[in-house]
Asker: 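The structure follows.
For ligands, and for the atoms within them, numbers begin at 1 and follow the listed sequence. This chain uses plain numbering: 1 for the first residue, then up along the sequence. The structure presented is a predicted model; accordingly, all values stated were derived computationally and were not measured.
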Amino acid sequence: MKSKIVLLGPPGSGKGTQGEKLSAELGYTRLSTGDMLREAVRKSTPLGLKAKEYMDSGRLVPNDLIIGLMKEKIAQVDGGVIFDGFPRTVEQADALAKEIDVDLAINLDVDDEELMVRLTERRTCPECNCVFHLVYNPPKKAGICDKCGCELYHRDDDTEATVRNRLKVYRENTFPLIEYYEKLGKLVTIMGKGEIDEIFAQVEKAVR
Ligand code: AMP
């Protein structure tokens, strides 16, 4: 069983959803840099104050801030770990390689048109970070998180203009990581379009 897993794929490709399911099933720790940063912004920590303007415009937060944050989190993890949204640059991947031996990179492949629909209609729980889609995966009660009962919100960076920029940033900075992990013989690409459970079945297969 693979236990050090990186989830790759553009914003909206399902990294959070599939990472959550995998973490629940295997008891692995899910480390999401996006969730950590949003929490830091909410709490107005020094990191949050620095990260906010990058996040709001869909740009990447500088490598040194992210790498420092991840090193701290990795040091606290015991057992299997799923990285969601990290690494996002080759520099981050190199830094990660110095900390742990990644044994699988799952690339969730979804086309831009689908990503745009997913992200602009996405609603997120500020408390437990669960995500819903108004059409494809609506919460049982409108506007309320199924898992913890909190009010869902529309992320500031899930608007059409910012999503376009995030997709551009993904292509320029993160897309090269597909080749990076392929060269290491660690890459599995999964079509990320379709039913959540069907995609998860393939994710599980890759991990076993
Ligand atoms: P996400 O929730 O993964 O889509 O991340 C939301 C935003 O947080 C991104 O658009 C970036 O501004 C920032 N972010 C998250 N992870 C990283 C990372 N590994 N490197 C740089 N910025 C990041």
Asker: Among all protein heavy atoms, pick out the one at the shortest distance from atom 13 (C) of ligand 1; state its residue, atom name and that distance to 0.1 Å.
Answerer: Leu37 CD1, 3.5 Å
Asker: Going by the side chain to side chain contact (heavy atoms under 4.5 Å, CB included) test, name the single residue among Leu104, Ile100, Val77 that passes it with Lys4.
Answerer: Ile100
Asker: Show me which atoms of ligand 1 lie under 4.0 Å from any heavy atom of Arg166.
Answerer: 4 (O)
Asker: Decide whether Thr124 and Asn129 meet the rule of one side-chain donor and one side-chain acceptor closer than 3.5 Å.
Answerer: no
Asker: Can you tell me which residue and heavy atom of the protein come closest to atom 22 (N) of ligand 1, and the distance to 0.1 Å?
Answerer: Val61 N, 3.0 Å
Asker: Please work out which of Arg88, Lys15, Met70 has its closest non-hydrogen atom nearest to atom 3 (O) of ligand 1.
Answerer: Arg88
Asker: At their closest point, which heavy atom of Tyr28 faces which heavy atom of Ser23, and how far apart are they?
Answerer: O-OG, 3.0 Å
Asker: Can you classify the ring geometry of Phe86 versus Phe83 as parallel (below 30°), tilted (30 to 60°) or perpendicular (above 60°)?
Answerer: tilted
Asker: Can you tell which part of Lys52 has a heavy atom less than 4.0 Å from ligand 1: side chain, backbone, both or neither?
Answerer: neither
Asker: So which protein heavy atom does atom 11 (C) of ligand 1 come closest to, and at what separation?
Answerer: Arg59 O, 3.4 Å
Asker: Between the main-chain N or O of Gly58 and the side-chain N or O of Asp157, is there a donor-acceptor pair closer than 3.5 Å?
Answerer: no
Asker: Identify the heavy atoms of Asn165 and Ser57 that sit nearest to each other, and give their distance.
Answerer: ND2-O, 2.7 Å
Asker: Does ligand 1 come near enough to Arg38 that some N or O of the ligand is less than 3.5 Å from an N or O of the residue?
Answerer: yes
Asker: Taking distance alone, with no angle check, do Gly85 and ligand 1 share an N/O pair under 3.5 Å?
Answerer: yes
Asker: Do Lys2 and Asp103 sit within salt-bridge range, that is, some charged N less than 4.0 Å from a carboxylate O?
Answerer: no
Asker: How far is atom 16 (N) of ligand 1 from its nearest protein heavy atom, and which residue and atom is that?
Answerer: Thr33 OG1, 2.8 Å
Asker: Determine whether the side chains of Tyr180 and Asp94 contain a donor N or O and an acceptor N or O closer than 3.5 Å.
Answerer: yes
Asker: Could you find the nearest protein heavy atom to atom 20 (N) of ligand 1 and give me its residue, atom name and distance?
Answerer: Gln92 NE2, 2.9 Å
Asker: Relative to the heavy atoms of Arg155, which atoms of ligand 1 are at a distance of less than 4.0 Å?
Answerer: 1 (P), 2 (O), 4 (O), 6 (C)
